[in-house]
Structure formats: structure tokens, C-alpha cells
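Here's the structure we're looking at; comments come further down.
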Amino acid sequence: MSTLLIIAILLLGFIVVFQIAKASEYVSVLKGEKKTFEQNNKINGFLLLAFMILGLIGVYWCNELYKGKILGEAASDHGEKIDTMLYITIAITGVVFIITQILLFWFSFKYQYKEGRKAFYYPHNNKLEVIWTVIPAIALTVLVGFGLYYWFKITGDAPKEANVVEITGKQFGWIYRYPGKDKVFGKKYYKNIDEGKLNQLGLIWDDKAAHDDVVTNEAMYLVVGKPVKLIINSRDVVHDVGLAHFRMKMDAVPGTPTTMWFTPKYTTAQMKEKTGNPDFEYEISCDQMCGKGHYSMKGIVKVVEPAEYLLWLAKQKPNYVMSNPELETKPAVPVATPADSTVTAAAKIAGSNSN
Amino acid sequence: MSQEVNLHEQVGAMTTHEVHHDEHHGHHHKETFITKYVFSQDHKMIAKQFLITGMIWAIIGGLFSVLFRLQLGFPNETFPILEDILGKWAAGGKIQPEFYYALTTMHGTVLVFFVLTAGLSGTFANFLIPLQLGARDMASPFMNMLSYWFFFIASIVMVSSLFVQTGPASGGWTVYPPLSALGDASEGSKIGMDLWLIAMALFVVSSLLGGLNYISTILNMRTKGMSMTRMPLTIWALFFTAVLGVLSFPVLLSGFILLLFDRHAGTSFYLSDIFLASTQKALPNEGGSAILYQHLFWFLGHPEVYIIILPTMGLVSDVMSANARKPIFGYMAMVGSMFAIAVLAFLVWAHHMFVTGLNPFLGAFFVLLTLLIAVPSAIKVFNWITTLWRGNLRFTPGMLFSIGFVSLFISGGLTGIFLGNSTLDIHLHDTYFVIAHFHIVMGVSAFFGMFAGIYHWFPKMYGRYLNNTLAYIHFWITLVGAYLIFWPMHYQGLAGVPRRYLDFSGWASFNQFDGLNRFISIVTIMVFAVQLLFVFNFIYSIFKGRRVTTQNPWGATTLEWTTPINPGHGNWEGEIPEVHRWAYDYGKDGRDFVPQTEAISPNESPESKH
Ligand code: HEM
Ligand SMILES: [Cu+2]
Ligand SMILES: [Cu+2]
């Protein structure tokens, strides 16, 4: 009903606007084309100037409105570099933006049609053109210089002491793997994947190194202040590990593992305090279109103190044990609880036919 | 009725006529409705066919965005009317995820390819190349006609994909595999994806037929005296555009063919190590590379964005110069920068792939080359601004849209400098920052350039004017609306808000923009309504607009304004005029303008060595 009303109002608006437009055409014939043109030109010239002034105020206002909503301080060392780079770029492009927009609209206003004004025949000027080739080139060189300096720092090799964690994307959730005490990831093969047997990653049990690997869907635990290197995989389509607070991002490509590393600066608890938000979590967002559940493909990063990390790790049962319950004397334990939007392996199977 | 003359007879048989006599011409050739309006080989009619088809597509594509903005702006509300119209896609009055993604995918595909490539180049290349160069038609009018009809069939196939049961393609306009290769990974990757690929293949054929024709016409069919450096910038722009298209579309086609093989022939070009949750099965494919597709796609994809923007740069240059009553500043620099852009456009594609695991060392070269491409862009902007300086500006609708174009191109071009810097792209890739960047610099800018062209050349196309008042309303609401919609998205992007999300309620990091999203959606609807107003103005004015009474209503120098008000097939009634000077003698020696056809007089100040 209300939709119909809106459509009716729109239609009415159309008709009114059209009638006015039509009438103004007749009026202009009466008034004489030249007079109408001059009037319109004045109005539009004024509007162009007004647009520029209000626009620049609007930009400032928008900035005030939203600067508090953009994630705050970066939570990783690389993130700090990226933020510095961002500020350098905003400064340079901001100056260019303001100057060029002002010139554009000011000239439009200033040189609007005037009876008898002669346009200046000014086809070219080599000196000017060289100037505005060279100046942007210099500014861009500065930006490239800073950019690449940080880029190589960020994408360079991870420090030797870094923790290594594997993260694998699937439709629609994340799987985390820790290498266990031996610090070596066991071999895996995708054709071994068997969710019924809780082997989500297709680990090869013949490889002893796989026996102590911990696999979980719960959350990615990281140690504060300690570099971490992520090995990123996908089980099906391209996903992307997006870590907005750390300012990091890397695609997860099936068949071609990728990596990234960074050092988290604050624990989740510290961030809860810093942001004043008791529900704060570091979220992993999937940043590459991966199907209908893309928008809900969330993971959680828990950044904790070293002691807490050890405690957590000690509580984790290796995937090998979970997958082969007969090895255990105790009754089988259910899989780790799922993170918000991910689904446990078992539930996934039950629900998967709807895809 | 305007006179349609057979092209070949005309050249020999025609004598010089008064311009106003175009309506009563010597020999009448009966043309049927079919040959005149449907299977026409007249470049002007083909241009109009492209334009009108493009406009229909633009309405469809725009409507899609209104629908998905409803979801983004009002994620908790239901719209029962949608269920009535769309059925299961909007079950319970809520847009379903599959449908949301189908909408965004189709929105992107339609606007990038069908509107801003075919609709834009198809219209202005066909219309202006022969008219501004002094040719009676394209090098091959028949190929030209085929180009339109391939586009038409492509359109039909694309539209048909909207009606299949599993829905149209829904993997984003870039259709990355494996998602797009595997029907089991997504509903949209079933038959809808095949139709998408077929439509795009037909589209590529259309675009190649058109492009080759434009290139050969520009190289071979210029009238006497029309050296390359006397061509209007529009023609240069269309020339570079056509070259880009001819060189890059085949690569895209090859990428699509490999994708079709992967889908149906069991090959593994893009597929490797895949286990699908929906079927609980591992696929046999091993050894393929999903990234290979992205290289093939962006090797076209990046030039494609220039295929869209270059023609509008040309149109804007000419419209601006004519209405500033002043030559375009730095003609040779304008040509040179377009050439630089065209070359560099092929060398920057991997800036879309900084975070795919691309070798960082290789990435560094792409950073360098990407930021290099900002230099010619900057030159163009400064030249436009200088063109306005000390002019005598007439704010015709075409002029206003040209000024708006430059403003938007600055805003969007500057954010390219953020994204081209790989360090920043790590954070900004696939966020709303990218959405803001390319909508401003490509989407809205290109539309502004296209509107400038339509308002400026409509009198030549239909012998009537568009209504001015409606045009001003159209301009101002669109300009303000475009900034209101896309400017705040930069902030969402800086906050890391990912693109292609239909609901942020589950996210603690991204749910702080609810009010903003609603605001953007409301503005979107208003801006869309104003576009409909434009369409209405367009259709109404074809039949009822104020008549053009003079041959050269804008006082422009270029050749198209030496044709009769309603030119027939063949364009000029008598001999094709000869050209004696460049296209920008506005305000020279105190004269308002000097047409290109006027011979250089002995006491004229020397021709600018542009
Ligand atoms: C000043 C020069 C420019 C630079 C340095 C630049 C840089 C970039 C970069 C690096 C990206 C990738 C961002 C990402 O996905 O993370 C990008 C995206 C894009 N740019 Fe630009 N750009 C420039 C101008 C343009 C122009 C003139 C157009 C079109 C007319 C354009 C259209 C696009 C489009 C369509 C995308 C997004 C494609 C997608 O992912 O869907 N850009 N730009
Ligand atoms: Cu995803
Ligand atoms: Cu690009």
C-alpha cells in the first residue's frame, strides 16, 4: 500500500516537474532566447560556486562525523606502517583535491558568459605543461618511495621466531590448524578430507608429524607481541583472510597456499578496554566473493598473553585423536564449539544438502 | 521525412544544395521501415540503436542497484511487494542472498559492458567518427550493422539468463573461478553462468567488429585536409579506445573459453585441490591455477576501465572547448596523455591482484607503473581547468556535465593513488573504498561524459533540443546525489567494511554505519528517479522537443555542424567539405569561432603549432 502511495507521489512529482519545465520553455520563447540564456547562465554559475563551497564544508563535516567510526588505532606493527602511509597519502592528495576543485569551480564561476567578454585564445604553453607533468611525477615518486619501503617490510620474510598458524577457508567458515609440539605441520591431501570422520583438512595419518596437529573452528589464538605467520589455504573457492584491525589481508586460493605475517600489539582484553566495548572481538572477514554465505563468513582472532595461549593450547585435543576415537579409552569428545557463523563439521554435513 | 540516399549513387549524383533543402531532395529512394530503422547500415541510425539499447540497459542496471540498496539500507525491513513480483528470490519480502549476489553481478556486468562500453562507444563512435572526419559512413557499414546485432543478441542471451530457474550469474562481475566454474558451489554458477559466458562472447564479437571498423575508418576515411593532428579530441579518444578494445577483448575471450572448458570439458585450467562442502566430494582436478584467470581477466579488465573513460574524455574536451569559446588547452598534450594512458593501461593489470599472493617484487613494478598512469591523468585535468580559465563560459547542459565530469574525475582519480599503492591496498582491497573509487572515477564520471555528449549532440541526432529545465534539474540532482552516495563510502572503506556483503548485523567491526547505509539508499532512489526524468525528456524531445532552426546551434567548429539539420544517409548533400585547420579555433583573432572548413586567410595570425 505504502509502496503504491510512494509510486503515486513520484508520478505526480514527475508530472508537475514536467509541466513546469514545459512552461519555462514557452516563457523563454516569450522572453527571448538571449535573455533566458543569460539568466540561466547566471543561476548555474552561482550554483557551481555554491556547490563548491557547500561541498568543501560537507567534506569537512563528513570527516568530523566519521573519523571516530573507522576502527581506531591499528592493532599490529604492520598496521601502523599502513596507517602512516595512509596519512602521507591523504595529506598529499588532500592538498591536490582542494586546489583543483577550487580552481575548477572558481574559474567556472569567474569566467561565466558576459556580454562582450572575449575569450582568451590560449592554445598551449609548453612551460606550464612541463610544470604540471613534473610536479605530479615528483609527488608520485615520493608516494611510490614510501609505499614500496613499507611494502617490502610488510611482505618480507617473517622473523624466525614467529609462530606459524594455518588458516583454511571453506564455504562458509574458517579452519585453523596449529602444528603441535613438533612445530611441524603434518602432510595433507584434499582427497583425504572426510568431514564424517572429522578430518576437515584431509590430514594424512601415515605422516607422524600430523598426529599432534591441532585443528579447530573455534578461533585463531595468537600471542600478543609475538610475530605470527599465517599459512593461508582454501578448500574450495577463493576466499580472503581480512583482518581489518590489523590492516592485513591475503587471498586464500585453492591449490596455491599464500602467507602473511604480522605482530599483534594488543590482546583482545586490552582492546575491549581501549574501545570501551565489552563485546569487542578481532574479526576475520572473508574479503573475496565466495558464494551466498560470503557476507557471514566470520572468524574470530583471540589475541592473548603467552601464559593463556599455552593454557589454551594444552587443552586442545589433536585432530588425530578426535578423528580416531578408538585410540582413546575415554568416550569421544565432540568437536570444538563453532565460532558464531561457522558451522561444525557435523552440522555442516547435515545442512549441506540445502546448498 | 528526411532524405535517405543510397550511399554510392549519392557521391556522383549530388550537387551542392542549400542546407535547408534536405527535406526536399532530388531523387527519392524508397527505404522500407526495416532497412531504415532495423537493419540499417547508416552509421547515424546504428548509433541511435546503440544509444537506445544502452539506455534500456542502464534503466535495468540502475533498477538492480535500487533493489540491492533496499537490502543494504533497510536490512531489517520486509517489502512484500518484492515477493509479489520476484517470487522465491524475495521470499517473505526479503531479498535472498543468492538474489542479492545475482543483482550485484548483473548490475556490474550490465553497466560496465552493456552501457558504458557498447552504449557509450557504440553511440558516439558510430555517430561522430564519420561526421567529424568528413566521411559518408563507416569503412564497412555492413560490419557496423553486424556489430549492433551481435550486441543485440548478446543482450537477449543476457536477459534470458535472468529468467532461468537457478538464476543468473552471481559471482560478481569479475566471475572469478573456481566459484564461477562449479555449479555445486553456487546456484548462479549453473546454467546462468553459461548464458553469461555466451552473452559475453557475443559481446566481444560485437565489440571487435565495431572496433576494427572505427580504426579503419579513422585511418582511411578522413576528408581532404583532415590530418590526424587536426582531428577533434573525441576522435583521438575513440581511436585509442578502439585499439585498446581490439587488443584486450580477445584475451578476455580466451579466459572465458578456458572457463567454459573447465566447466564442461573436465579440464583443470583454473581448478585444483577442491573439496566441496555442498556435495562432500573432492573434485578430480589438480594442478590448475585460479590466479591464471585473474591475470587473463584483468589484462582486459584494466584496459576496459579506460575503454569506458577515454571516449568521455574526448567528448568532454570538445564540449568544454565549444562552450568556453576557447581552444582546448594543450591539444598535443591531450593526445599524448591519451596515448600514454593507452600504453600504460596494458601494464598495470596486476594492481587488482596485490593480495592474491602475487610475488611482492613483481607487485612493486605494478605499483610503479600504476602510479605512473596518474601523471597523464593529472595533465588532462590541469588542461581542462586551464581551458576554462579566461573563457566566456556558456553553461549549457553539456557544459555543466563536462565540468561535473572533471570534478568527479579528480575525486576518483586521487583515490586511485591510494589503491595503486600496494601498501595501502592491503587494507583497502575489496572494501567500500574500492567501490567509492571506481564508481566516482568510472561509473559516474563516464555517465557525466556521456550525458555531456547526449545533451550536446542530441540536436544533431534528432534535429530538436532536449528540454533545458529538465536538463538542469537532472544535472544538479545527479551531481549532488553522486557525491552524497559515494563520498561517505570512503569512510566505510577505511573502516575495512568489505564489499559484497548484504548484511552487517553479524559484525561487531562493521555495523556502525546503519544510518549511513539508509541515507545512501534513499539518495540512490532519488537519483534513480531523476535518471528516469532524463529518459522521459529524451523520448519526449525526440518527438516534441523544440526544433533546431540553425545548422550550427552551438557555434562549433567541427564538421558535423556543416551537415544539414537532418542529414540523410551520406551526411553531406554535395561534396564533402575540405578541412583547413584544427578543430579549436575559438576566439582566434577576436572572432567567436572559425569553422574547420574555412581556409586560412593570409592576414590571420599563424596557426598555433599545437
Ligand atoms: C589515477 C589513476 C588510477 C589509479 C592509480 C587506479 C588504481 C586502482 C587500483 C589499484 C584498483 C584496485 C583496487 C583493489 O581492488 O584493491 C582500482 C580499481 C578499480 N579502478 Fe582504478 N585507478 C585509477 C583510475 C581509474 C579509472 C580512470 C578508472 C575507470 C575509468 C578506474 C576504474 C577502476 C575499477 C572499475 C576498479 C575496480 C574493479 C573491481 O574490483 O571491481 N580506475 N583502481
Ligand atoms: Cu567470501
Ligand atoms: Cu585497474
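Being a predicted model, the structure only gives us computed values, none of them experimental. Each chain gets a letter, A, B and so on, in the order its sequence line appears, and its residues count up from 1.
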OG1/A/T155 to CG/B/N359 distance, rounded to the nearest 0.5 angstrom?
-> 8.5 Å
When the 4.5 angstrom heavy-atom criterion is applied to B/L484 and chain A, the contacting part is neither
Winner by heavy-atom pair count (cut-off under 4.5 Å) against chain A, out of B/V530, B/L479, B/L276 | B/L479
B/G188, B/G590, B/S186: which one forms the most heavy-atom pairs within less than 4.5 Å of chain A?
-> B/G590
For B/V480, is it the side chain, the backbone, both, or neither that has a heavy atom closer than 4.5 Å to a heavy atom of chain A?
-> both
Please determine which of B/D184, B/L182, B/N285 meets the side chain to side chain contact (heavy atoms under 4.5 Å, CB included) test together with B/I274.
-> B/L182
Heavy-atom proximity to chain B below 4.5 Å, by part of A/L65 = neither
Rounded to the nearest 0.5 Å, what's the gap from CZ on A/F146 to OG1 on A/T89? Could you check?
-> 9.5 Å
Is any side-chain heavy atom of A/L103 less than 4.5 Å from a side-chain heavy atom of A/Q101?
-> no
Give the ring-plane orientation class for B/F536 versus B/Y540, where under 30° counts as parallel, over 60° as perpendicular and anything between as tilted.
-> parallel
Chain A contact via B/W389 - side chain, backbone, both or neither, heavy atoms under 4.5 Å = both
For A/F105, is it the side chain, the backbone, both or neither that has a heavy atom under 4.5 Å from a heavy atom of chain B?
-> side chain
Non-hydrogen atoms of chain A under 4.5 Å away: do they reach the side chain of B/Y586, the backbone, both or neither?
-> backbone
Would you please indicate yes or no on a ring centroid separation below 6.0 angstrom for A/F172 and A/H294?
-> no
Hey, what's the ring geometry for B/W507 with B/F510, parallel, tilted or perpendicular (30° and 60° as the breaks)?
-> tilted
All pairs passing salt bridge (Lys or Arg N to Asp or Glu O under 4.0 Å) where residues 241-251 of chain A contributes a residue, at least two apart | A/D83-A/R247, A/K249-A/D287
Heavy-atom contact with chain A under 4.5 Å, split by part of B/L271 = neither
Heavy-atom pairs under 4.5 Å with chain B, option from A/V59, A/I154, A/T36 with the top count = A/V59
Quick one: what part of B/P376 sits under 4.5 Å from any heavy atom of chain A, side chain, backbone, both or neither?
-> neither
Top contributor to chain A interface from B/P498, B/P178, B/S422, B/A282 [non-hydrogen pairs under 4.5 Å] | B/S422
Given a strict heavy-atom distance threshold of 4.5 Å, which part of B/A324 is in contact with chain A: side chain, backbone, both, or neither?
-> backbone
Where does A/E129 contact chain B at under 4.5 Å (heavy atoms): side chain, backbone, both or neither?
-> side chain
So A/Y282 and A/H245, would you call those rings parallel, tilted or perpendicular, with 30° and 60° as cut-offs?
-> perpendicular
Close side-chain approach of A/Y190 and B/E286, heavy atoms under 4.5 Å | yes
With a 4.5 angstrom heavy-atom cut-off, could you sort out which part of B/D503 is near chain A: side chain, backbone, both or neither?
-> both
If you tally heavy-atom pairs under 4.5 Å against chain B, which of A/I43, A/V29, A/L47 wins?
-> A/L47
Chi angles and distances behind the salt bridge (Lys or Arg N to Asp or Glu O under 4.0 Å) call for B/K544, A/E25 | CA-CA 12 Å; B/K544 292 271 171 72; A/E25 208 166 61; over 6 Å; no
Portion of B/I81 that has a non-hydrogen atom of chain A nearer than 4.5 angstrom | side chain
When rounded to the nearest 0.5 angstrom, what is the spacing between OG in A/S234 and CG in B/D273?
-> 9.5 Å
B/I385, part contacting chain A, at a heavy-atom distance under 4.5 Å = both
Option in A/D194, A/L86, A/N41, A/T258 with maximal non-hydrogen atom pairs under 4.5 Å from chain B | A/N41
Where on A/F246 is there a heavy atom nearer than 4.5 Å to chain B: the side chain, the backbone, both, or neither?
-> neither
State, with a plain yes or no, whether a side-chain heavy atom of B/S509 is found less than 4.5 Å away from one of A/S285.
-> no
If you count heavy-atom pairs under 4.5 Å between each of B/Y100, B/Y584, B/F513 and chain A, which one has the most?
-> B/F513
For A/N44, is it the side chain, the backbone, both, or neither that has a heavy atom closer than 4.5 Å to a heavy atom of chain B?
-> both
Measure A/K110 against the heavy atoms of chain B and call it side chain, backbone, both or neither at under 4.5 Å.
-> neither
Using non-hydrogen atoms only, which part of A/F51 is less than 4.5 Å away from chain B: side chain, backbone, both, or neither?
-> side chain
Most heavy-atom pairs under 4.5 Å with chain B, out of A/Y189, A/F280, A/Y150, belong to A/Y189
Identify which part of B/K281 has an atom lying under 4.5 Å from any heavy atom of chain A, answering side chain, backbone, both or neither.
-> neither
For A/C290, is it the side chain, the backbone, both or neither that has a heavy atom under 4.5 Å from a heavy atom of chain B?
-> backbone
Side chain, backbone, both or neither of A/I193 within contact of chain B (heavy atoms, under 4.5 Å) = both
For A/Q288, is it the side chain, the backbone, both, or neither that has a heavy atom closer than 4.5 Å to a heavy atom of chain B?
-> both
Interface moiety of A/L128 toward chain B, non-hydrogen atoms closer than 4.5 Å | side chain
Mind checking whether A/F37 and A/Y113 have parallel, tilted or perpendicular rings, split at 30° and 60°?
-> perpendicular
Among B/S407, B/A529, B/G330, residue most engaged with chain A (heavy-atom pairs, under 4.5 Å) = B/S407
Within the 6.0 Å centroid threshold, strictly below: B/F418 and B/H490 = no
Side chain / backbone / both / neither for A/V253 at chain B, heavy atoms under 4.5 Å | side chain
Counting only heavy atoms closer than 4.5 Å, note whether A/D240 contacts chain B via side chain, backbone, both or neither.
-> side chain
Contact part of B/Y472 toward chain A, heavy-atom cut-off under 4.5 Å: side chain, backbone, both or neither?
-> side chain
Fit a plane to each ring of A/Y66 and B/Y491, take the angle between them on a 0 to 90° scale, and name the class: parallel (under 30°), tilted (30 to 60°) or perpendicular (over 60°).
-> tilted
Contact check, side chains of A/W132 and B/N383, non-hydrogen atoms, under 4.5 Å = yes
For chain A, which of B/V381, B/L516, B/N323 has the most heavy-atom pairs under 4.5 Å?
-> B/L516
Does A/K42 NZ have over 12 foreign heavy atoms under 6.0 Å away?
-> no
Value for CG (A/L143) from CD1 (A/I92), rounded to nearest 0.5 Å, stands at 4.0 Å
B/R394: partners by salt bridge (Lys or Arg N to Asp or Glu O under 4.0 Å), with sequence neighbours left out = none
Which bit of B/T356 comes within less than 4.5 Å of chain A, counting heavy atoms only: side chain, backbone, both or neither?
-> both
Give, as side chain, backbone, both or neither, the part of B/T415 having an atom under 4.5 angstrom from any heavy atom of chain A.
-> neither
Basic-acidic side-chain contact under 4.0 Å: A/E195, A/R235 = yes
So what's closer than 4.5 Å to chain B heavy atoms on A/I90: side chain, backbone, both or neither?
-> both
